[in-house]
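Atom set for the values below is all heavy atoms of this structure, side chains included, hydrogens, waters and symmetry mates excluded. Proteins get letters first, then strands, A, B, ... in listed order; numbering begins at 1 in each.
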Amino acid sequence: MTPAPTRVPVTVLTGFLGAGKTTLLNRILTEHHGKRIAVIENEFGEVGVDQALVIGAEEEIFEMNNGCICCTVRGDLIRILGNLMKRRDRFDYILIETTGMADPGPVAQTFFVDDEMKRHLSLDAIVTLVDARHVLDHIDDQEEVKAQIAFADVILLNKTDLVESGDLDRLEARLRGMNTAAKIHRTRDASIPVGHILDQGGFNLTRALDMDPAFLEPEYPFEWAGVYECPAGDVVLSCQAGPDPAMHVAVVPVASATETALEDVTEPVVLLFSDEPARVPSGGVCRPGRDLWDLDLSAPPAEFVVPVSEAGVLALFTQHHPDEFTMTVSVAGQPITAVVSRHYKPDHEHDDTVTSVGIATPGAVDVKKLNTWLSTLLQTQGQDLFRMKGVLSISGSDERYVFQGVHMLFDGRFDVPWGDAPRQNLLIFIGRNLDRARLTDGFRACLV
Amino acid sequence: MLLERATSAVLWKAEAHAAGLAAADWHPVTSAVATIGHDGRLCLWDGLTGTLTRTCAAAALWGMAVQWSADGRWLASAAGRAVQVWTPEGDEHRTWPGHRATVADLVWHPSDAQLCAATYGGLVILAPDAQKPLRTLNWQGSSLVARWSPDGKYIVTGEQDSSVHFWITATGKDLQMTGYPGKVLELSWSPDSRWLATGGGREVCIWHCGGKGPKGTTPLVVSGHRDRVSAVAFHPDGRLLASGSDDGQVRMWRVDGADRCAPAGALDLGEPVSQLVWSPDGRDVLVGGARGAVWLVHPG
């Protein structure tokens, strides 16, 4: 029996019209990177350019008889890739360009569903180009744009020279909120080393653990909290000009000036931040307690008064980092500093229907319960689940279980032994209308 | 490339389609050979000398299939979404553009001047003298290969969704045979139309198509390959079947009159099998390997 030849890695390039796919492709085709790449473009033609073989393709989406979304594949790719493998000696990588309006689902599913594709090719990564200047114009009403961002293993935030850095930060934060697992690179004129696009291992099960654990931290509606020991009297918050014309804050009493005490009030304040805020003009009053305040910062500098009836410990939670507004807290004209303070990972955009949910938890998974939960989840929510991946600690097994999925398709297997590494479960779901609490509870119920 | 059977000598070799050859077919009577490739060209050759006699422009760059009609009067080709029929000299006779998707396969009726084009969405039956299709057989699925039974009774297709589809030519009724582990690209009829051998997994499934047909029957399932079956071919006598697999094994099977199937030999070639073709006299089977080697195997 002959050993199975190594599978050819395939990179899928997506991006809305004008994001820079053609520029990137032209760079890849003309730069001397020494890699032999077969390129499947969504145009006609077959040409050889130095190190590349370029084939034109016309998107043909095939739906199978049972009408299930996971059986939607790219028929043209199956045919072209099947033929291309007869010329296997001429290239080492395959790059597939999709049309601007393409949903990456059928492309990704092609590599899960078709046995011939699975055997000879491995989907390496989905690379999505984002036009930093124009993406906000259509991200809200084009489902394809959201899907392209959600599916991505690598996001190239392109045309960064046309956008101010503050806007760029906010855009990147929003993309990060939608897809916490993708690597984000900022580019101008789609200029990026080809090594950042090829061989990314986004669909490589053994590399599924290579997620930044920070992505799995919970997200908060505030970025910062500080604990102050306040005498009775007025505490004054002063703000200078900042990036936003308003900011939500809450001031709540805490038991002591300790991290534990701050921790104890965090969850109630998360709930508080979902309330309707009360607008406070400059010079206005923010009473400590169960209220959310919306500070008017439209005409800086601005000052706000926190009346303290008896000396005690108060925690100030701010929607944005206070440094962004050069905020000071003072008593009788003297600044006071926080005894304890903490940064929180913000949840950026509440309004995005596409989000990521990360779960990181110790404990051993009961395989039977997991299978039941997952199959129900995929059947009921498969259409909304774009990507999922993770590493699980399975009860009774010494090996890590790695898995990933695209919509309703699932691929998982036991991998290397845990050894000395701490056993834990790391999962990430990227999709539409995900219910973090339900997913987390559902998974926790699978633990032994 | 033309090889001599007795000596294995290469009689001629020609670079036909730089971007890759998709299909080739000998004329049933003359020495003409037609080829089509991914360069948008349809080529006619003198099969004995390797002389290129005519180059025609196919309807699209991506040529898929080329086949002579049973009587040799017509040559049909498929490229992109179009089907074309040519005279034996290479003059364009008729073009049917604009099929629903790229035409995946093309097959002539075993005796009549009728042509079946397989595509995503079903089959279309065409005749060289009519622009209007004779019949459209709709099916929500992707038909990848089509084979007309030698008696003309059935058209059978191998499907992307891991099934085999039978169309009864007379009525247009159909049967879907599911349960295959993967898509089915391997189909071979016995010359008496009694059996249809199919791949689509590690096993060969043989459907009994004589009598009342395969409806409601279970196929003979033949196990022995350790890897995916990649080619099947019935011997001209209809009783011996050759099968090849991705692990480079060729196996022979004997199907007897009592509808049983027994192993009749195996051979390891060490290269994934891509093609199996019996010589017309049934003495040898020609095996094509996925990495370019060719073997002539004499069974028994």
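- A:Glu60 places a side-chain N or O within donor-acceptor distance of the main-chain N or O of B:Thr102, the cut-off being under 3.5 Å.
- Looking at B:Leu185, only its side chain comes within 4.5 Å of chain A, counting heavy atoms on both sides.
- Rounding to the nearest 0.5 Å places CH2 of B:Trp62 at 5.0 Å from CG of A:Asn83.
- The CZ atom of A:Phe62 lies 10.5 Å from the CD atom of B:Glu159; values are rounded to the nearest 0.5 Å.
- Looking at A:Ile80, both its backbone and its side chain come within 4.5 Å of chain B, counting heavy atoms on both sides.
- Between A:Ile61 and B:Tyr120 there is no side-chain heavy-atom pair separated by less than 4.5 Å.
- Heavy-atom distances place both the backbone and the side chain of B:Ala101 under 4.5 Å from chain A.
- Distance check, rounded to the nearest 0.5 Å: CD of A:Glu116 to CG of B:Leu144 gives 9.5 Å.
- For the atom pair A:Asp115 CG and B:Lys183 NZ, the distance stands at 6.5 Å (nearest 0.5 Å).
- A salt bridge links B:Asp246 and A:Arg119; the closest N-O separation between the charged side-chain nitrogens and carboxylate oxygens is under 4.0 Å.
- Comparing B:Arg100, B:Met64, B:Gln249 by heavy-atom pairs within less than 4.5 Å of chain A, the highest count is held by B:Met64.
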Inset, instruction - In sequence, state the C-alpha distance, the side-chain angles, and the governing distance for B:Gln160 and A:Asp114, and then conclude on side-chain contact (heavy atoms from CB on, under 4.5 Å). - result: CA-CA 8 Å; B:Gln160 176 71 44; A:Asp114 189 277; 2.7 Å; yes
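- The environment of B:Gln275 atom CD is sparse: at most 12 non-hydrogen atoms of other residues, nucleotides or ligands sit within 6.0 angstrom.
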